Amino acid sequence: MPIALVDCNNFYVSCERVFNPKIARRPVVVLSNNDGCIVSRSNEAKALSIQMGLPAFKIERLLRRENVAVRSSNYALYGDMSQRVMNTLAHFTPDMEVYSIDEAFMDLSGFARSNLTEYGREIRRTVGQWTGIPVSVGIAETKTLAKIANRIAKRSAKVDGVFDLTGSPYREKALSLTDVGSVWGVGRRYAKFLRKHGIKTALDLCRTEDSWVKKHMSIVGLRMVRELRGIPCISMESAPPAKKEICVSRSFGKPVRTLLEMQEAVAAYTTRAGEKLRTEHSAAGVIMVFMMTNRFKDEPQYSRSTVLELPVQTDCTQELIRYALRGTEMIFRKGYGFKKAGVVLSRIVPAGQVQTDLFDTRNRTASKELMSALDDINVRMGRDTLKYAASGLARSWKTRAEKRSPRYTTRWAELPKV
DNA sequence: TCTGGGGTCCTAGGACCC
DNA sequence: TCTGGGGTCCTAGGACCC
């Protein structure tokens with residue numbers, strides 16, 4: 001059962017380049033929210049040894065000296081480009097799993113008899129032509145091996161972006177060239193632990209005894225090792241399961257010091273969480289609010305959260321905000337400079353299976369109609385066209401994004417001009 | 001001045017039940 | 001001296017992913 005992993009190269013940077021060919025040859029980086037850390041790098045930027053996740057302010061001089069193009073994150077653009085890529089991929093197989101914003105697994109079972117490398121090249125060519133985004137394709141018997149094949153496809157100049165490992169005599173060779181820390185499912189902690197026990201490559205891990213793996217890395221680790229041996233243990237998920245938690249949190253553009261500002265921010269995050277909840281057609285029974293100071297600053301620290309139970313599971317923003325504001329008031333303390341806050345919705349059920357309450361006084365039909373009218377308008381006219389006053393107008397705490405490119409594909413006013 | 005955001009799964013241990 | 005056995009449910013914490 002061959003599986004392909006298609007992964008966009010340097011995805012955020014590639015999106016920026018599609019609409020701005022001038023930066024096609026320059027080193028480019030994209031920053032996280034608040035223009036904080038490096039989250040995407042062009043190959044030229046990687047060649048300058050700019051590390052993933054590095055705070056941008058620490059390498060300001062280097063960025064200037066090397067004439068690196070720096071962009072804020074533009075999620076509206078990346079989300080839309082991602083959809084275009086996924087729509088394109090859907091032409092090539094009936095069975096695929098969108099794994100993240102820039103990756104998809106594709107079941108190629110029906111194509112086992114054809115030349116998979118050739119098919120991979122066609123996928124790559126088509127995505128490039130239709131969207132402008134360069135992708136790499138790795139093909140193998142399991143997801144974990146497809147990940148490794150993809151990594152080789154990206155790195156080796158010889159294979160030109162497509163690498164098929166199915167039934168390959170090179171599997172052992174490929175595994176021996178893969179650092180154990182690069183295996184899908186091995187994070188920093190496990191990598192350190194494994195190296196300490198002399199397991200340095202994917203091949204070493206592949207040859208480790210089941211019982212040892214199970215004991216030290218649980219059933220999850222065992223699945224991973226089996227996958228390395230070519231035994232599929234992680235299946236394709238064509239429809240994403242409903243979310244069990246919905247979290248919206250942000251760092252503030254500047255420290256928040258007053259309860260009013262904090263409540264505005266929490267109300268705004270709750271609004272977003274409610275929107276997510278409704279696109280899932282779900283309702284939540286619990287809301288958690290949290291806030292924290294800046295742990296990198298040598299200042300008094302404070303971090304707290306509180307959990308509020310809703311009397312009836314709901315998807316109504318108004319109701320969620322009321323509880324969120326109450327929670328905010330409970331845990332807010334004056335005298336601190338807050339850096340970040342957020343809300344987490346949980347105990348989530350399908351909206352149609354809400355457990356009703358005999359003493360419930362709310363008019364649920366009316367609020368349902370209100371929410372769907374609100375969502376309609378905001379989808380059609382742009383986010384926050386209508387918003388709750390509780391989320392504030394000035395929004396002094398807003399996330400910084402000083403170098404954001406236009407939202408070329410999702411706002412009429414920002415369409416590229418030719 | 002300046003350090004991201006959003007998820008999932010598994011396990012151990014406690015509470016509780018008979 | 002000596003204090004059962006087996007099960008479920010829930011939560012916190014730890015690991016991972018992008």
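We name chains A, B, ... by the order of the sequence lines, and we start the count at 1 in each one. Just so it is clear, the model here is predicted, and its values are computed rather than measured.
Between A:V162 and A:L116, the closest side-chain pair of non-hydrogen atoms is not below 4.5 Å. Looking at heavy atoms from C-beta onward, A:M292 lies out of side-chain contact with A:K339 at the 4.5 angstrom threshold. Between A:R272 and A:V343, every side-chain heavy-atom pair lies at or beyond the 4.5 Å cut-off.
Ranking C:dC17, B:dG5, B:dC2 by closeness to the A:E60 side chain, first place goes to B:dC2. Nearest nucleotide to the side chain of A:D102, out of C:dC18, B:dT3, C:dA15: C:dC18. Closest to the A:K340 side chain, of the nucleotides B:dG5, C:dC18, B:dC2, is B:dG5. Among the nucleotides B:dC9, B:dG7, C:dC18, the one closest to any side-chain atom of A:K147 is C:dC18. For A:K243, whose side chain is taken as the heavy atoms from C-beta onward, the closest listed nucleotide among B:dT3, B:dG5, B:dG7 is B:dG7. Distances were taken from every side-chain heavy atom of A:K297 (C-beta onward) to each of B:dG5, B:dT1, C:dC18; the shortest belongs to B:dT1. Checking B:dT1, B:dT11, B:dG5 against the side-chain heavy atoms of A:S218 singles out B:dT11 as nearest.
Within the 4.0 angstrom heavy-atom criterion, no nucleotide atom of any strand lies near A:R295. Using a 4.0 Å heavy-atom cutoff across all strands shown, A:N33 reaches sugar-phosphate atoms only and no base atom. Across all strands shown, A:V39 has no heavy atoms under 4.0 Å from either base or sugar-phosphate atoms. Residue A:K214 is out of contact with every strand shown, counting any heavy-atom pair closer than 4.0 Å. As judged by a 4.0 angstrom heavy-atom cut-off over every strand, A:R223 is placed among residues touching the sugar-phosphate backbone only. Within 4.0 Å of A:D35, counting heavy atoms only, lies no atom of the nucleic acid at all. A:K143 comes within contact range of no nucleotide atom at all, as no heavy-atom separation falls under 4.0 Å. No engagement by A:K254 is indicated, since no non-hydrogen atom pair under 4.0 Å with the nucleic acid exists. Within the 4.0 angstrom heavy-atom criterion, no nucleotide atom of any strand lies near A:I101. Using a 4.0 Å heavy-atom criterion, one finds that A:V183 contacts the sugar-phosphate atoms exclusively.
Each of A:I219 and A:V248 was matched to the nucleotide of DNA chain B holding its nearest heavy atom; the match closer to the 5' end belongs to A:V248. Remark on DNA chain B: of its neighbouring residues A:F296 and A:V220, the 5'-side contact belongs to A:F296, judged by nearest-heavy-atom nucleotide.
Partner of A:D179 under the salt bridge (Lys or Arg N to Asp or Glu O under 4.0 Å) criterion, out of A:R195, A:R151, A:K200: A:R195 alone.
At a threshold of 4.0 Å, the pair A:E44-A:R17 counts as salt-bridged, since one of the basic side-chain nitrogens sits closer than that to a carboxylate oxygen. Checked for salt-bridge contact, A:R84 and A:D80 meet the test: a charged N lies under 4.0 Å from a carboxylate O.
Residues satisfying the salt bridge (Lys or Arg N to Asp or Glu O under 4.0 Å) criterion with A:K340, sequence neighbours excluded, are absent altogether.
Remark: P of B:dC2 and CZ of A:F252 are 15 Å apart, rounded to the nearest angstrom. A:L5 has its CG atom 12 Å from the C1' atom of C:dC18, to the nearest Å. In this structure, A:W184 places its CH2 atom 15 Å from C1' of C:dA15, rounding to the nearest Å. B:dG7 atom P lies 8 Å from atom CD of A:E245, rounded to whole Å. Taking atom OH on A:Y75 and atom C1' on B:dG4, their separation rounds to 7 Å, with Å as the unit. In this entry the distance linking CG of A:N294 with P of B:dG4 reads 8 Å, nearest Å. For A:L277 and B:dG7, the CG to C1' distance is 15 Å, given to the nearest whole Å. Summarising the geometry, the separation between CD on A:E237 and C1' on C:dC17 is reported as 14 Å, rounded to the nearest angstrom.
Taking only side-chain nitrogens and oxygens, A:K244 never comes nearer than 4.0 Å to OP1 or OP2 of B:dT8. Taking only side-chain nitrogens and oxygens, A:R250 comes nearer than 4.0 Å to OP1 or OP2 of B:dG6. The phosphate of B:dG5 has OP1 or OP2 within less than 4.0 Å of a side-chain N or O from A:S251.
A:M86 approaches A:A104 most closely through the heavy-atom pair SD-CB, 3.9 Å.
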Bracket string, DNA chain B, 5' to 3' - pairs by Watson-Crick or G-U geometry under 3.5 Å, | interstrand: ....||||||||||||||
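Taking the six-membered ring for Trp and the full ring otherwise, the centers of A:F105 and A:W184 sit less than 6.0 Å from each other.
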